[in-house]
Amino acid sequence: METNNLHIYNTLSRKKQKFEPIKPPFVGMYVCGPTVYGDSHLGHARPAITFDLLFRYLKYLDYQVRYVRNITDVGHLENDADEGEDKIAKKARLEQLEPMEIAQQYTNSYHHNMQQLNVLEPSIEPHASGHILEQIAMTEKILEAGFAYESNGSVYFDVAKYSKTNDYGKLSGRVLEDSIANTRQLDGQNEKHNNADFALWKKAMPEHIMRWHSQWSEGFPGWHIECSAMSTKYLGEEFDIHGGGLDLMFPHHECEIAQTKAANGKDSVKYWMHNNMITIDGQKMSKSLSNFITLDQMFTGSHKLLDKAYSPQVVRFFILQAHYRSPLDFSNKALSAAEKGLERLMIGVKTLSKIKPSETNSFDIESFRKKCFEAIDDDLNTPVLIAHLFDGIRAINSANDGKESFTTAGISEMRNLFDTFIFELLGLKNENETNSKLDDNSENNLMELLLNMRIEAKQNKNFALSDKIRDELVKLGYQIKDKKDGFEWEKSN
RNA sequence: GGUCACGUGGCCGAGGGGCUAGGCACCGGUCUGCAAAACCGAUUACAGCGGUUCGAAUCCGCUCGUGACCUCCA
């Protein structure tokens with residue numbers, strides 16, 4: 001086992017801090033999952049992959065990790081004229097389907113997309129709709145503690161009162177007075193004591209389909225309480241890591257902090273982590289701007305901004321080539337650069353098994369190993385990690401050309417490091433290999449046959465024929481590499 | 001308007017006071033019948049203007065530009 005030297009950037013302190021679990025060897029981790037009222041898009045892929053990487057690394061470090069990622073299927077407020085209406089309910093009426101049917105449909109497609117991206121399943125994936133009781137119970141606790149009030153069947157969190165004894169805004173760096181001055185007119189604003197107050201329980205309007213019974217009204221839980229209720233239920237009153245997109249920092253996470261503290265009497269989260277956004281032409285990709293590319297569109301190329309399809313692994317690699325706290329701008333150029341880079345990486349890994357062992361190692365494997373761990377330990381710096389991996393690939397390619405050398409032990413060490421970093425931690429997989437498994441043998445035999453014929457043609461100086469065989473195979477998606485003592489071929493996408 | 005980020009070579013992206021990633025593209029070379037692949041090499045940077053410093057892409061200030069949050073969002 002590797003000694004834990006992981007440092008992560010904590011939004012609370014605005015600093016990188018050494019990661020030390022509250023109760024080792026256990027680690028509790030909560031990440032805000034998707035709202036399932038639409039297809040998952042590129043933006044959903046980023047937190048999923050970022051925290052998948054963290055999950056994988058923590059497990060690699062031998063922690064017993066419980067990773068909770070919720071499904072929001074209760075819906076949030078609209079921002080258009082349909083004020084107060086539940087988003088899922090709205091779509092349901094339009095399509096004449098049950099709200100839960102829609103939630104289920106999009107949950108399924110989210111799961112499918114995550115699987116394609118090789119994102120591991122979380123330990124627990126709680127649904128907000130399945131935890132209404134817990135949310136009501138937490139709201140009661142907050143009422144009892146005196147940090148909330150009932151108003152016309154709804155319950156609101158009393159931000160002003162809370163902030164007298166607590167630091168409301170400590171996560172986002174926001175000043176309460178500004179929030180009060182700048183809050184938009186939301187439905188039910190006149191029921192609030194204060195503009196900055198937010199709902200814990202909302203009385204349902206007549207058009208509302210999704211509703212549950214409570215002592216206050218027929219209604220639905222407020223838009224932040226689910227995460228507080230479910231994280232407390234599954235990870236306890238104190239846990240290690242809470243993650244999510246940067247756009248959730250305020251108000252969502254700020255409200256979560258306030259609610260949980262009001263209910264439980266203490267701060268619950270030790271490390272807050274936020275991934276940055278994916279932009280498209282420099283602008284945030286989001287539902288409300290309608291400039292998002294769904295993952296299905298990505299994988300099939302069916303979007304007007306896409307020159308071609310990009311495979312799930314290319315998307316994963318593209319995301320990992322930027323640091324999770326930096327914005328990442330989408331473009332075809334960047335995607336196809338990632339595609340080629342990934343191919344180079346994967347072919348390099350294969351080349352490792354072709355190297356002829358030498359007496360000595362000309363490449364400093366130990367320092368390579370160290371640099372890789374330093375990169376991932378430094379707040380999951382995957383771009384630097386990947387840069388180091390490419391240095392390793394270059395050494396391997398050079399060795400294959402006879403310009404570097406590896407011993408038998410050195411080769412297996414390199415293989416271990418690649419297995420660990422590329423496949424186990426970065427979670428990449430070689431798509432070409434898995435695709436061709438089915439017809440592996442016959443395909444192999446055919447290729448051998450054709451390429452041997454090509455060698456014969458070359459020996460007979462029949463270059464017209466040999467070039468024809470090569471060119472036709474290239475058209476069919478194979479890459480032919482001539483070697484001194486024969487040939488190699490790859491299936492390209 | 002308020003708050004907070006950011007501006008790096010043709011493109012993407014790290015780094016973060018002197019050592020100056022990596023990928024993709026382009027150019028030259030080796031190899032090849034020719035290619036491809038691989039390897040070697042070259043070129044192109046830190047928005048602008050000031051300041052601090054022996055030294056600034058890196059710190060500070062200002063200007064310009066871009067973005068995020070303040071309202072559902074990953």
**Q.** K340(A) with E343(A): basic N within carboxylate O range, under 4.0 Å
**A.** no

(Q) Using a strict threshold of under 4.0 Å (side-chain N to carboxylate O), is an ion pair present between E339(A) and K308(A)? (A) yes

Q. CZ of R14(A) versus C1' of U3(B): gap in Å, rounded?
A. 10 Å

Q. When you look at Q17(A) and I8(A), which way does the side-chain contact (heavy atoms from CB on, under 4.5 Å) test go after all the steps?
A. CA-CA 5 Å; Q17(A) 296 177 323; I8(A) 54 185; 5.8 Å; no

Q: Go along nucleotides 26-40 of chain B 5' to 3' and tag each nucleotide: B for a protein heavy atom under 4.0 Å from its base, S when only backbone or sugar atoms are that close, - otherwise.
A: -------BBBBSBSS

Q) Got a salt bridge between R316(A) and D52(A), using NZ or NE/NH1/NH2 to carboxylate O under 4.0 Å? A) yes

Q) Starting at CD1 of I280(A) and ending at P of C12(B), how long is that distance when rounded to a whole Å? A) 14 Å

Between the protein and nucleotides 13-20 of chain B, are there any N/O to N/O pairs under 3.5 Å, and if so, what are the atom names and distances?
from, atom 1, to, atom 2, distance (Å)
G13(B), OP1, D329(A), N, 3.0
A14(B), OP1, H323(A), N, 2.6
A14(B), OP1, S326(A), OG, 3.1
G15(B), OP1, N381(A), ND2, 3.0

**Q.** Spacing between D73(A) atom CG and C72(B) atom C1', to the nearest angstrom
**A.** 16 Å

Q: Between G10(B) and U52(B), how far apart are the P atoms? Round to whole Å, please.
A: 32 Å

Q: With F157(A) as reference, evaluate Y168(A), Y162(A), W223(A) under the ring-ring contact (aromatic ring centres under 6.0 Å, His included) test and give the passing residue.
A: Y162(A)

(Q) Which helical stems does RNA chain B take part in, if a stem means at least 3 consecutive Watson-Crick or G-U pairs with both distances below 3.5 Å? (A) B:1-7 with B:64-70, B:10-12 with B:22-24, B:27-30 with B:38-41, B:47-51 with B:59-63

Q: Indicate, with a heavy-atom threshold strictly under 4.0 Å, whether G43(A) touches base, sugar-phosphate, or nothing.
A: base

Q. Does the side chain of E443(A) come within less than 4.5 Å of Y478(A)'s, by heavy atoms?
A. yes

**Q.** U44(B) and G1(B), which share atom name C1', separated by this distance in whole Å
**A.** 42 Å

Q | Pair E254(A) + K170(A): basic N to acidic O under 4.0 Å | A | no

Considering only nitrogen or oxygen atoms on both sides, find all protein atoms under 3.5 Å from nucleotides 65-68 of chain B and state each distance.
from, atom 1, to, atom 2, distance (Å)
A68(B), OP1, K284(A), N, 3.3

Q | Nearest-angstrom distance from the residue atom NE2 of H388(A) to P of G23(B) | A | 12 Å

Q) Within the side chain of S172(A), is there an N or O that forms a donor-acceptor pair under 3.5 Å with the backbone of F250(A)? A) no

Q. Is any NZ, NE, NH1 or NH2 atom of the basic residue among D471(A) and K475(A) found under 4.0 Å from an Asp or Glu carboxylate oxygen of the other?
A. no

Q: Using a 4.5 Å cut-off on heavy atoms from C-beta on, say whether the side chain of L328(A) contacts that of F330(A).
A: no

Q) What distance, rounded to whole Å, do you find between the two C1' atoms, one in A14(B) and one in U53(B)? A) 26 Å

Q) When you compare A57(B) with C49(B), how far apart are their C1' atoms, in angstrom units rounded to a whole number? A) 15 Å

Q) Considering only the P atoms, how many Å lie between C70(B) and C62(B), rounded to the nearest integer? A) 26 Å

Q. Tell me: CD1 of I386(A) to P of G23(B), nearest whole Å?
A. 12 Å

Q: Check every strand shown and say whether D471(A) touches a base, only sugar-phosphate, or nothing at a heavy-atom separation below 4.0 Å.
A: nothing

Q: Taking atom P in both A25(B) and C64(B), compute the distance separating them and give it to the nearest angstrom.
A: 40 Å

Throw together a table of side-chain donor-acceptor distances under 3.5 angstrom for residues 446-457 of chain A, partners on residues two or more places apart or in other chains.
from, atom 1, to, atom 2, distance (Å)
N452(A), ND2, E448(A), O, 3.0
R454(A), NE, S466(A), O, 2.9
R454(A), NH1, D482(A), OD1, 2.8
R454(A), NH2, D482(A), OD2, 3.3

**Q.** Basic-acidic side-chain contact under 4.0 Å: D378(A), K16(A)
**A.** yes

Q) Say you pick atom C1' in U8(B) and the same atom in G23(B); how far apart are they, in whole Å? A) 15 Å

(Q) Considering every strand and a 4.0 Å limit on heavy-atom distances, what is the contact class for A334(A): base, sugar-phosphate, or nothing? (A) sugar-phosphate

Q. Y9(A): what forms a ring pair (Phe, Tyr, Trp, His ring centres under 6.0 Å) with it, not counting sequence neighbours?
A. none

**Q.** Within 6.0 Å of CD in E374(A), more than 12 heavy atoms from elsewhere
**A.** yes

**Q.** First encountered from the 5' end of RNA chain B, between H41(A) and A338(A)
**A.** A338(A)

Q: Could you state the atom-to-atom distance from CG of L342(A) to P of G22(B) in whole Å?
A: 19 Å

(Q) Rounding to an integer number of Å, can you tell me how far E254(A) CD sits from U71(B) P? (A) 13 Å

**Q.** Integer-rounded Å distance: U71(B) P and H252(A) NE2
**A.** 15 Å

(Q) When the P atoms of C31(B) and U20(B) are compared, how many Å lie between them, rounded to an integer? (A) 31 Å

Q: Classify the nucleic acid contact of G402(A) as base, sugar-phosphate or nothing, counting any heavy atom under 4.0 Å across all strands shown.
A: nothing

Q. Is atom NZ of K356(A) surrounded by more than 12 heavy atoms (other residues, nucleotides or ligands) closer than 6.0 Å?
A. no

